Amino acid sequence: MIDTHSHIYEKEYDLDRQEVVENARRKNVSQTILANVDSSTIAPMKQTAQEIPDFFAMAMGLHPTSITANNMTTELEQIRTELETGSYCAIGEVGIDLYWDKTYIAEQTRAFEIQIDWAIEFDLPLIIHTRKAFAEIFASFAKFRNKPLRGVFHCFSGGIEEAKKAFSIGDFSLGIGGVVTYKNSTLPTLLKQISLERILLETDAPYLAPVPYRGKRNEPQFLEQIAEKLAEIYKVPIEKIDEVTTKNAKKLFFGN
Ligand SMILES: [Zn+2]
């Protein structure tokens with residue numbers, strides 16, 4: 001299985017990163033994509049990927065909650081410089097987040113659209129982060145009609161209408177993680193209407209650990225609990241979930 005979204009470069013793993021990777025491999029997780037946040041995470045992310053290059057791939061982007069009126073231009077410059085090295089399998093994570101704070105909605109939107117442009121220019125998929133901002137996200141995408149776009153709505157939190165809209169933008173998938181195992185999640189009902197070909201597995205580690213690890217530090221090895229839940233929802237063996245979602249991830253991020 002491929003964990004398509006994690007932050008294993010964070011300090012939470014400094015003492016046992018090697019072990020975290022070994023435990024993941026033992027649970028049949030062969031790889032994880034590290035999602036960047038801002039200029040402060042670039043160096044630790046590259047360092048982590050360098051240590052175990054066959055396990056980590058990297059996505060480069062500026063996260064919406066890191067954006068202010070003052071830092072946007074310099075932050076984006078650093079992201080752009082990194083993208084030009086060609087070391088990245090995706091642009092991410094990028095998007096609009098209005099959950100806590102709407103102060104920088106204009107800057108968030110501008111940065112998102114600049115990075116959509118880069119996805120087209122570098123021919124890379126987008127890893128999209130959105131909270132309380134589906135309307136704004138779709139309004140931005142409307143400016144890129146008929147452009148060849150692909151990507152994933154990471155930690156998808158919408159309903160069927162948002163899912164349908166996401167698929168209409170281009171070759172888009174839904175990233176499904178620990179939330180699907182939570183008691184009040186609406187995802188199990190939604191997923192019954194979504195083809196497994198549109199689903200990617202992700203942990204978002206260290207956040208959003210699945211049941212029974214909810215509240216603890218998340219790890220790629222817990223992809224197993226997410227895949228088990230999907231097997232239950234789709235009424236197929238877990239091997240099928242593994243096979244199809246791995247194929248989906250390879251096609252989107254690695255073109256094979
Ligand atoms: Zn993330």
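Not measured: the values here are computed from a predicted model. Residue indices begin at 1 and follow the sequence shown. One-based numbering, in listed order, for ligands and for the atoms of each.
- Atom CD of E51 sits in a crowded spot, with more than 12 heavy atoms from other residues, nucleotides or ligands closer than 6.0 Å.
- With L201 as reference, L230 is the one residue of L230, I2, V29 to meet the side chain to side chain contact (heavy atoms under 4.5 Å, CB included) rule.
- Checked against side chain to side chain contact (heavy atoms under 4.5 Å, CB included), A69 has the following partners two or more places apart in sequence or in another chain: Y104, E107.
- The existence of a salt bridge linking E161 and K165 is excluded, since no basic side-chain nitrogen approaches an acidic carboxylate oxygen closer than 4.0 Å.
- A cation-pi arrangement is absent between R150 and F172 under the rule of less than 6.0 angstrom and at most 45 degrees off the ring axis.
- Protein N/O/S atoms closer than 2.8 Å to the Zn ion (ligand 1): H5 NE2, H7 NE2, E93 OE2, D204 OD1.
- The residues K27 and D3 are annotated as not salt-bridged, no charged nitrogen and carboxylate oxygen being separated by less than 4.0 angstrom.
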